[in-house]
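Notes to accompany the following structure.
Below, chains carry the letters A, B, ... as their sequence lines are ordered, and counting in each starts from 1.
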Amino acid sequence: MSALLEVRDLATQFTTRDGIVRAVDGVSFTLDCGETLAIVGESGSGKSVTALSIMRLIQEPQGKVVSGQVLFKGDDILKLSDSKVRAIRGDRIAMIFQDPMTSLNPVFRVGRQIGESLILHKGMSRKEAFERAVELLDMVGIPHPRDRARDYPHQFSGGMRQRAMIAMALACDPDILIADEPTTALDVTIQAQILELMIEMQERTGAAIIMITHDLGVVADMADDVMVMYAGKQVEYGKADGVFYTPRHPYTWGLLDSLPRHDIDEKGALLPITGQPPSLINVPAGCAFHPRCPYAKDVCTTGTPVLTDVGEGHLAACHFSNDPEFQRRASQHPGEVA
Amino acid sequence: MFKYVVRRVFQMIPVFIGVTLILFILRAPGVLPGDPVRMITGERGMTDALRQQIIEKHGLDQPLHRQYVIYLGNLLQGDLGESYQRGRAVTEIFADKLPNTLRLALAAIVIEGIVGVTAGIISAVRQYSFLDVLVTLSTSILVSVPVFWLGMLFQIFFGIKLKEWTGGAFYLPISQMSSAQFPDWAHMILPAITLASVSTAYVARIMRSQMLEAMGQDYIRTAEAKGLTRRAVTFRHALKNALIPVVTFVGIDFGVMMGGAILTETVFSWPGVGREIFLAVGQRDWPIVMGGVVIIVFLVMIINLLVDLSYALLDPRIRYGGGPE
């Protein structure tokens, strides 16, 4: 059986005044029904662009998917007609965005915004769509949903707006829910609630989730698979346990080291990854991570590492991923995320 | 809401006092040249007795502050005095002129709204296209063209160059001479276009920039992610947000047109409020000048109030309360 979503060698570029930005450069992954994939990386690593490319929401002509395939149930979304893509958007693949404060249209009532895709994709009347929107708001835990559906977004708090966004995304019972940093703009306590809600909604609807985040901790108990991105490329990809417990790429170690730990009684300082993510116009030669990598050797400055299998489908793009010395280093990082 | 309206109405009182006070200072002897009494009687044939009679009739023998108090008292009763020159009540004169100004302003607003908004939307949706460049360029030119000059160009072109075709009807657009074949509203076309010209350019530019801004908002991406068509995203989600500042501009502009049509009305001999005030200034016919300004100020304030209230309809984030409780 083929996967629900299979992305093959996706590459998206933006043309800017300063040059061509290779925002996504050769990304491949698969997503099965009901699965959760976490895409992790720093700002500007190409996570969001990957998501927008799947939805074909890249703003042309500045941005363009230059190669690759996005096979949804076997059909390549990148080759479908506009109207067929629109039929998938919001219906089969829905999306939640980062900032709930700005992602809802301020001049329309929340209920109407949720009902919009139901009218569009399910052919409901306005009234039916409103009733369904009330049910959805109730489902995502908004009290007094009937009154709230008549409110405008500014009458909602940040957490409630993100709940409304989730209700909106789940309206048509999609196969895939893409969540682009859904908790980044929220308070920590609200973050936990929203994540819990997403897990609950996944159990209820069986939707597959692509969770985009820069915070490994957020996805630790949610993801089945994890893909780590750096400078538009996949640097590590595999089952969540593999990536968390036996990471094979120094960038992943860095991400794990920079997480605050509450489970161990250690007064150790956080270990940030030094330096800045590279410009995507002038990506460093060789391994893009080498200027920041504490283990970089000569080969890293010249040879571009390819994604290689380090065991059981766990992929890593480092020259030393299969180096025993590295394995030892890796083994010193067990259970970084509890 | 009700409290808000009441408060706004009360705020009109100091504005009226201020405006009328300034006008009274302007008519104090020696501030502006010209003696209204002489304007009434003419240079010759004026006896002292006649002069005295006129002065007393219009209450000009009273000290200025006394005249002012009398004026305010009459104003409260809806009496704007009597014209020096025309021997008619000012209210009566403007009752004749106001409908003409109103008609012209309405026609201009319709042009401004339809043409300006459409041009702005096209310009934004097809950014950097030929049409966008055309709109941007023509609006830049239009905002810098003096209104009276544009009006005169129209007259030369339609009234003289195209006389064969127009029968010269647009030369003096409201005169009944030689224009029998034109329906009544046709006389309004050129003055209305002239009056609307600059504002239309502004509306197009505001519309364009607002539309572009709205199209870049996160909620537009949300709407696209729902699978809505480009058209629905543009006209449903972006337009309603982008229109808010445009409606504000058009509303305020309507108020401005009530009084600011002086140039257009004069160039086209349009018998409206603006032209009446223009003529009255030349004749130092103070009751007409003051009455006209008071009427305009009143209308502008009412229209501004309505514009402010319309925000609440357009933008749900705005609600008018009764102030801090």
What residues of [range] sit under 4.5 Å from chain B when you count only heavy atoms?
| range | value |
| --- | --- |
| residues 151-176 of chain A | Tyr152(A), His154(A), Met165(A), Met168(A) |
| residues 120-130 of chain A | Leu120(A), His121(A) |
| residues 102-110 of chain A | Thr102(A), Ser103(A), Leu104(A), Asn105(A), Pro106(A), Val107(A), Phe108(A) |

May I ask you to test the [X]-[Y] pair for a side-chain heavy-atom distance under 4.5 Å?
| X | Y | value |
| --- | --- | --- |
| Phe97(A) | Thr222(B) | yes |
| Arg86(A) | Leu228(B) | no |
| Gln59(A) | Glu224(B) | yes |

What pair of heavy atoms forms the shortest contact from Met95(A) to Ala225(B), and how long is it? CB-CB, 4.3 Å
Under the salt bridge (Lys or Arg N to Asp or Glu O under 4.0 Å) test, which residues partner Arg132(A), sequence neighbours left out? Glu135(A)
Regarding Glu116(A) and His237(B), do their side chains bring together a donor and an acceptor under 3.5 Å, going by distance alone? yes
Would you mind telling me which of Gln217(B), Lys240(B), Arg230(B) has the largest number of heavy-atom pairs within less than 4.5 Å of chain A? Lys240(B)
Between Lys226(B) and Gln113(A), is the side chain to side chain contact (heavy atoms under 4.5 Å, CB included) condition met? List the steps. CA-CA 10 Å; Lys226(B) 276 182 201 170; Gln113(A) 295 192 53; 3.9 Å; yes
Could you tell me which portion of Ile96(A) (side chain, backbone, both or neither) has an atom closer than 4.5 angstrom to a non-hydrogen atom of chain B? neither
Please indicate whether Phe94(B) has more than 12 foreign heavy atoms, meaning atoms of other residues, nucleotides or ligands, lying under 6.0 Å from its CZ. yes
Among the listed options Leu57(A), Val85(A), Asp99(A), Ile88(A), the residue most often paired with chain B at heavy-atom distances under 4.5 Å: Leu57(A)
